[in-house]
Amino acid sequence: MKNLMLAASLLAVSAFTLPVAQDPNTTTEIPQDNKLVIYQLLPRLFGNKVALNKPYGTVLENGCGKFNDINDLALTKIKEMGASHVWYTGVLEHATMTSYPQSGLLADDADVVKGRAGSPYAVKDYYDVAPDLAVDKKARMAEFEALVARTHAHGLKVLMDFIPNHVARSYHSDAKPAGVVDLGAQDDKTKAFAPNNNFYYLPGEHFTVPAGYDPLGPLKGPGEDGKYNEFPAKATGNDVFSAAPSVNDWFETIKLNYGVDYQHGRKTYFEPIPDTWKKMRDILVFWAKKDVDGFRCDMAEMVPVEFWAWVIPELKKGKPGLIFIGEAYNPKEYATYFNKGHFDFLYDKVGLYDGLRRLMRQEGNMDDITHVWKEESNGFSSKMLRFLENHDEQRIASKEFAGDPRRAIPAMTVSATLATGPIMLYMGQEVGEPALGSEGFSGEDGRTTIFDYWGVPEHQKWLNQGKMDGAKLSAEQKQLRDFYKRLLTLAGSSEAIRKGQFYELQDANNLSKEYDQRQLYCFLRYTKGQQVLVVVNFSDTKTYRPTLLIPEAVLQRMGLPTQRTFTYRDLLNGGEPLASLSKLTLAPLSALVLEIKPQ
């Protein structure tokens with residue numbers, strides 16, 4: 001692979017001076033300033049102060065955060081972390097085993113609910129918010145609207161989930177606006193598929209609860225009897241066209257019909273515009289009118305790209321600044337979802353996330369990073385959302401992932417600075433939450449549950465009963481949180497990182513015996529106004545002291561004088577500027593972001 005090495009007081013001249021168009025260490029992509037800094041949180045978990053954490057515990061036993069817990073102090077702290085956007089996850093009303101009879105809200109049948117609290121992705125009403133998250137259940141929408149206004153008052157933008165592929169089996173909108181026809185209300189249920197049906201049916205068959213499903217373990221859930229009355233049965237959310245899905249399927253959900261006949265060669269019926277398309281557009285318009293700034297679109301690739309190609313421009317006619325982020329996992333289709341589907345951003349999970357995960361586990365190599373920028377996201381790296389944690393993935397500090405939250409330091413630095421696209425932080429990541437224990441429906445799998453009522457222990461140490469001062473954090477946790485704060489603030493403010501070109505320096509340093517390409521990675525980010533060098537060490541045991549080289553041709557590329565000496569100021573960690581790149585100290589699991597200045 002590659003790397004860097006400057007002489008003690010004068011930058012050395014390298015032998016390789018490939019023509020710009022053929023240089024294999026960079027791309028011709030024109031960067032776009034898309035450096036959103038997104039803080040993802042589940043309101044159910046964020047403000048919860050209860051630390052009982054009883055497996056399968058009720059909302060009264062284990063507690064539940066509210067919209068109101070995300071108060072001015074919380075938003076101030078999130079803003080101080082460098083965030084520009086907050087993704088409020090799990091806002092929509094979803095199927096749950098919890099009832100609020102005084103507000104007319106009854107529990108769903110436990111046989112088709114995952115977890116006591118229920119999956120936020122089994123939506124029960126697209127036009128309502130989860131009553132769990134409100135202090136006054138009847139005023140739950142007003143409490144959400146107040147949160148949106150409060151978030152904006154702190155200079156932050158609001159993202160929420162749009163879940164277009166599937167809904168809860170119990171879907172029924174009580175809160176839909178006047179004149180809105182509910183999903184499925186006018187379907188012809190005698191047909192397995194019809195272009196204007198909202199669901200897919202299995203005529204003549206009764207839905208069968210998966211054998212062996214045990215909703216609450218040793219406890220009994222509401223209505224639990226191994227049966228659920230659904231006739232005719234509907235296709236399941238993960239494209240299972242069977243009346244008897246398995247316990248490993250998304251059996252708690254039903255698939256929405258966008259005009260694709262899956263059982264007959266996926267033949268499409270997109271003209272005239274299918275009814276489901278119009279209903280989903282109207283749902284997006286509803287939330288956009290509540291001042292939501294953007295949508296994280298769940299399982300975007302399970303909905304035909306033609307729908308996105310139609311609906312995103314439709315929404316942007318009325319609100320041009322809306323952001324659409326697609327949860328996507330097929331790199332071969334990224335360009336399609338950008339160019340045809342009009343997405344603003346897509347997940348970079350199977351590329352950069354997976355590569356960095358391997359490196360953090362000492363299983364990969366730096367070629368994984370090179371492949372991402374050179375091949376997989378070349379041409380649209382500014383549109384790839386980078387992250388190391390989210391609600392679907394294992395916690396870095398968990399034994400199932402890396403076991404040590406400090407392993408995120410080099411990886412998160414690469415995620416945040418490799419390109420000009422968005423970076424995301426998941427609540428609890430910044431304090432090394434390890435997701436220990438089995439919460440109930442969620443077993444001990446290294447993830448923080450989204451299905452159960454739960455307190456997030458390390459996050460609660462920072463929360464400190466609502467003081468949000470981190471007083472209960474260890475010294476190591478405070479240092480980790482400070483690292484995230486410094487990194488994200490830098491990523492959001494540095495001109496070179498927000499707007500700059502990219503140049504990888506592994507090849508420039510591959511002959512240096514002090515430079516271990518198995519553990520070290522370095523690259524440049526630069527504009528006319530700022531040039532920075534990023535160097536990271538993935539080793540958790542070894543300190544390296546390489547002398548790094550920036551070739552003369554690369555200095556010229558960056559617009560820097562080749563016959564001058566330079567100073568190097570560490571924008572990430574502070575300290576006195578360095579006089580050279582000779583024998584840099586790279587401690588285990590460390591990162592440097594050095595601003596280059598002519599003397």
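One-based numbering along the sequence shown.
- In this view, Lys114 and Glu252 satisfy the salt bridge (charged side-chain N to carboxylate O under 4.0 Å, His left out) rule, not counting sequence neighbours.
- A salt bridge links Glu327 with Arg296: at least one charged nitrogen is closer than 4.0 Å to a carboxylate oxygen.
- Between Tyr426 and His459, the ring centre distance reaches or exceeds 6.0 Å.
- Listed by first and then second residue, the side chain to side chain donor-acceptor pair (under 3.5 Å) pairs involving residues 449-458 are Thr98-Tyr453, Asp132-Tyr453, Ser442-Thr449, Thr449-Asp452, Glu458-Lys461, Glu458-Gln477 (not counting sequence neighbours).
- Residues Glu430 and Tyr39 bring a donor and an acceptor atom of their side chains to less than 3.5 Å of each other.
- For Val50 against Asn62, the heavy-atom pair with the smallest separation is CB-O, 3.4 Å.
- With sequence neighbours excluded, the residues that form a ring pair (Phe, Tyr, Trp, His ring centres under 6.0 Å) with Phe343 are Trp308.
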Review item, side-chain donor-acceptor pairs of residues 77-84, under 3.5 Å, at least two apart:
| residue | atom | partner | partner atom | Å |
| --- | --- | --- | --- | --- |
| Lys79 | NZ | Gly155 | O | 3.1 |
| Ser84 | OG | Val37 | N | 2.9 |
| Ser84 | OG | Val37 | O | 3.3 |

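- Arg447 places no side-chain N or O within 3.5 Å of a backbone atom of Arg395 that could act as its donor or acceptor partner.
- In this structure, Lys49 places its NZ atom where more than 12 heavy-atom neighbours from other residues, nucleotides or ligands lie under 6.0 Å away.
- For Arg525 and Phe502, the positive end is not near the middle of the six-membered ring at less than 6.0 Å and at most 45° from its axis.
- Heavy atoms from other residues, nucleotides or ligands lying under 6.0 Å from CZ of Arg518 number 12 at most.
- Every residue two or more places apart in sequence or in another chain was checked for a salt bridge (charged side-chain N to carboxylate O under 4.0 Å, His left out) with Asp570, and none qualifies.
- Around atom CZ of Arg357, more than 12 heavy atoms belonging to other residues, nucleotides or ligands sit under 6.0 Å away.
- Judged by distance alone, with hydrogens and angles left aside, the side-chain atoms of Glu29 form a donor-acceptor pair with the main-chain N or O of Gly379 at under 3.5 Å.
- Under the salt bridge (charged side-chain N to carboxylate O under 4.0 Å, His left out) criterion, Lys472 pairs with no residue at all, not counting sequence neighbours.
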Go through the steps to decide whether Asp482 and Arg486 satisfy the test salt bridge (charged side-chain N to carboxylate O under 4.0 Å, His left out), and finish with yes or no. CA-CA 6 Å; Asp482 185 59; Arg486 288 182 279 109; 2.8 Å; yes

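- One finds the CG atom of Asn330 at 13.0 Å from the NZ atom of Lys349 (value rounded to the nearest 0.5 Å).
- Checked by atom type, the side-chain pair Thr448/Glu433 shows no donor-acceptor distance below 3.5 Å.
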Could you walk me through whether Phe451 and His94 pass ring-ring contact (aromatic ring centres under 6.0 Å, His included), step by step? CA-CA 11 Å; Phe451 304 98; His94 54 270; 9.8 Å; no

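- Relative ring orientation between Tyr121 and His391 is described as parallel, the plane-to-plane angle staying below 30° on a 0-90° scale split at 30° and 60°.
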